[in-house]
Amino acid sequence: MSENSATPEPGRPAAQTGPAAEPGPAAEPVAASAPVSASGPGPGPDTSAHPGERPGHADDAPAASAPQGASRPTPKSMFPDGTGPAADPAGSHHERRIRSFQPRRSRVSPGQADALRRLWPQWGLDIDGLSRIDLDQLFEGRPVVLEIGFGMGEATAQMAAADPDTGILACDVHTPGQGNLLGLAERNGLSNIRVANGDAIILLREMLAPASLAGLRVYFPDPWPKKRHHKRRLIQPEFLSLVTTRLAPGALVHCATDWEPYAEQMLDVLSAEPTLVNEYSGYAPRPDFRPFTKFEGQGLDKGHVVHDLLFRRLPA
């Protein structure tokens, strides 16, 4: 939905893919501890930005578990008093596996930190995998769309404002983006946004009821362009097998990417899922409800082609 915060891929420098974070007071920004990727140290720092993608989003690709007994560092939270998102909400409750995101320390502005401390208890939730979420209560009876990865949240806020009768459960691990989105929701009076912090796979598998979602949005996920990293891509058959169990009949799956090989993989994988049907004969035109962002424009200026994919959940 936004220039979702794509984890910069290996070999590309991390770049903020959403609009710049709201400037706070002139104080020095603080560093937020993000969870350490369960896949281990990962491929290393990125050295080039991919327009339209997101540094550190919550896209999780199901894959093989890591060897048992391997230790996992315990990250420190910038909110030790529990007033903001936890550094690693699921902790050791769940298995280690290859993930499609690689969260790292990020700079959080004073304004973002203030929004997180004040608004997290009301509009935020940690993905700890320990209890089922009552979406009907959380969103006051609205149908709910899950967005995996939202960057700095500008597009998410625009879509929430344009459709106040739909709830958006926005999942990401990018702490600056979480604070920015909460601030946008407060300033624009958006009561239909909730921010989920942590692993989207644990959220889907452990915390959401079957057929509870009216839609799924995955905009500009990290394409992991190197062949040896393709296993980290989010849109995989195993992921769709899980997510489709959480989609109600008629729910819309909307993906977008400006990375041509990943678009081809998305189309193949989505088309092969028997519970989904393509709304078009191939790629879809960009729907009016998906905001056009400046980073998408930068990708187009570089000759990238943005592909949207719209698939509908079939009745059981």
side-chain contact (heavy atoms from CB on, under 4.5 Å) against Asp134, all qualifying residues, sequence neighbours excluded: Asp136, Gln137
Partners passing side-chain contact (heavy atoms from CB on, under 4.5 Å) against Ala209 (at least two apart in sequence or in another chain): Arg132, Ser212
Ignoring hydrogens and geometry, is there a side-chain-to-backbone donor-acceptor pair from [X] to [Y] under 3.5 Å?
| X | Y | result |
| --- | --- | --- |
| Asn180 | Gly153 | no |
| His230 | Pro225 | yes |
| Asn278 | Gly282 | yes |

According to side chain to side chain donor-acceptor pair (under 3.5 Å), who are the partners of [X], at least two apart in sequence or on a separate chain?
| X | answer |
| --- | --- |
| Asn188 | none |
| Arg142 | Ser191 |
| Asp126 | Asn197 |
| Thr245 | none |

Partner residues of Phe292 under the ring pair (Phe, Tyr, Trp, His ring centres under 6.0 Å) criterion, sequence neighbours left out: none
With side chains defined as the heavy atoms from C-beta onward, is the minimum distance between [X] and [Y] less than 4.5 Å?
| X | Y | answer |
| --- | --- | --- |
| Glu296 | Arg290 | yes |
| Leu203 | Ile133 | yes |
| Met207 | Asp128 | yes |
| Pro176 | Arg107 | no |
| Arg217 | Phe150 | no |
| Thr166 | Phe139 | no |

Connected hydrophobic set around Val305, excluding itself, where side chains approach under 4.5 Å: none
Verify same cluster id: Leu252, Leu314 (apolar side-chain graph, 4.5 Å): no
Test side-chain contact (heavy atoms from CB on, under 4.5 Å) applied to Val243 and Val253, step by step: CA-CA 10 Å; Val243 78; Val253 176; 5.8 Å; no
Pairs involving residues 262-273, ordered by first then second residue, that meet side chain to side chain donor-acceptor pair (under 3.5 Å) (sequence neighbours left out): Arg233-Gln265, Glu273-Thr275
Salt bridge (Lys or Arg N to Asp or Glu O under 4.0 Å) contacts touching residues 277-288 (sequence neighbours left out): Glu279-Arg312
Contacts of Glu260 that satisfy salt bridge (Lys or Arg N to Asp or Glu O under 4.0 Å) - sequence neighbours left out: none
All pairs passing ring pair (Phe, Tyr, Trp, His ring centres under 6.0 Å) where residues 263-284 contributes a residue, at least two apart: Tyr283-His307
